[in-house]
Amino acid sequence: MEIILKEDIIGLGYKNDIVKVKGGYGRNYLIPTGKGVIASESAKKVLAENLKQQAAKLAAAKAEAQKRGNALEGVELVIAAKVSASGVTYGSVNTATVAAELQAKGFDIDRKIITMKDIKAVGKYEATVHFHKEVEIKVPVTVIADETSEKPAPKEEKPAETEKPLTTEEEIEDFEETLGEARQQTEEAE
């Protein structure tokens, strides 16, 4: 089934692309949510006419994306995460974390245009920011151990009280007597 995309869908295509998808994906998701339309001959003609009319707008959008991409060139992210002794992170570093780190550096980037695998260990990785279908910027991401997570807080030990025995002989005798009475009542009830 051929679909004309009405918006960018990472991993599938960009706005105004004609893509082949499985029938169920097109009929049950893309078309009902307004993310695509069936690519009939008439729809393809309308798309071609619209692209001719919007050529200037598309060129301006690409120039804006290129400008944003150039501003992001050379930026490297260092993210401190809580890690275990073996270097595995508690939780994961994902696109939302990268977007928040970029926000802290002064870049307003939506997490939906960032692609990467979730990071679950300390090391060097790469995130891709998709500004436009022809403008993609790779951002190096380094995950380091958070200083506070390396050393667990020492536990305070309570001094053991050895003066008083845990149970006295009287307590043991009272318990045995109570236990005996309970057994006797159980046998009578049966």
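Just so we're clear, the structure is a prediction, and the values are computed from it rather than from any experiment.
- V141 and I113 fall within the same hydrophobic cluster, defined by Ile, Leu, Val, Met, Phe, Trp and Tyr side-chain heavy atoms under 4.5 Å apart, directly or through other members.
- By the rule that hydrophobic residues join a cluster once side-chain heavy atoms approach within less than 4.5 Å of another member, L47 and I3 end up as members of separate clusters.
- Shown here is K44, whose NZ atom has more than 12 heavy atoms of other residues, nucleotides or ligands within 6.0 Å.
- Residue F131 comes nearest to A65 through the heavy atom pair CB-CB, 3.8 Å, listed as atom of the first residue, atom of the second, then distance.
- A 4.5 Å side-chain heavy-atom check between Y29 and K35 finds at least one atom pair inside the cut-off.
- Between the side chain of K105 and the backbone N or O of E76, at least one donor-acceptor pair lies under 3.5 Å.
- Taken to the nearest 0.5 Å, the NZ atom of K138 stands 7.0 Å off from the OG1 atom of T115.
- V83 and L77 are not part of a single hydrophobic cluster, where members link through side-chain heavy atoms under 4.5 Å apart.
- One finds the CD1 atom of I4 at 10.0 Å from the CD1 atom of I38 (value rounded to the nearest 0.5 Å).
- Under the 4.5 Å side-chain heavy-atom criterion for ILVMFWY residues, a single connected hydrophobic cluster contains both Y25 and I31.
- H132 NE2 to D8 CG: the interatomic distance, rounded to the nearest 0.5 Å, is 8.0 Å.
- Here L12 contributes atom CG and E7 contributes atom CD; the two are 11.0 Å apart, rounded to the nearest 0.5 Å.
- Taking both residues in full, the closest heavy atoms of T89 and G91 are given as OG1-O, 2.8 Å, listed atom of the first, atom of the second, then distance.
- Proximity of a side-chain donor or acceptor of N94 to a complementary backbone N or O of A96 within less than 3.5 Å is detected.
- Put simply, CD1 on I9 and OG1 on T33 are 7.0 Å apart, with the number rounded to the nearest 0.5 Å.
- The shortest non-hydrogen separation linking I18 to A39 is CG2-CB, 4.2 Å.
- Closest approach of M116 and A127 over heavy atoms only: SD-CB, 3.8 Å.
- Atom NZ of K133 is surrounded by more than 12 heavy atoms from other residues, nucleotides or ligands within 6.0 Å.
- Proximity of E73 to I137: side-chain heavy atoms (C-beta onward) are separated by under 4.5 Å at one or more points.
- A heavy-atom distance below 4.5 Å is not found between the side chains of K117 and Y125.
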Working for side-chain contact (heavy atoms from CB on, under 4.5 Å), residues N16 and N50: CA-CA 10 Å; N16 297 327; N50 286 343; over 6 Å; no
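- The two residues P32 and G26 have their closest heavy-atom pair at CD-O, 4.0 Å.
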Verdict with reasoning, L72 to L102, per side-chain contact (heavy atoms from CB on, under 4.5 Å): CA-CA 9 Å; L72 198 60; L102 286 169; 3.9 Å; yes
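- With hydrogens and angles disregarded, a donor-acceptor distance shorter than 3.5 Å links the side chain of R68 to the backbone of D108.
- Closest heavy-atom contact between V122 and V143: CG1-O, 3.1 Å.
- L58 places a side-chain heavy atom less than 4.5 Å from the side chain of L51.
- Here the straight-line distance linking atom NE2 of H130 with atom OH of Y14 works out to 5.5 Å at 0.5 Å rounding.
- I114 places none of its side-chain heavy atoms less than 4.5 Å from the side chain of V139.
- Within the 4.5 Å cutoff, no side-chain heavy atoms of K15 are placed close to those of L5.
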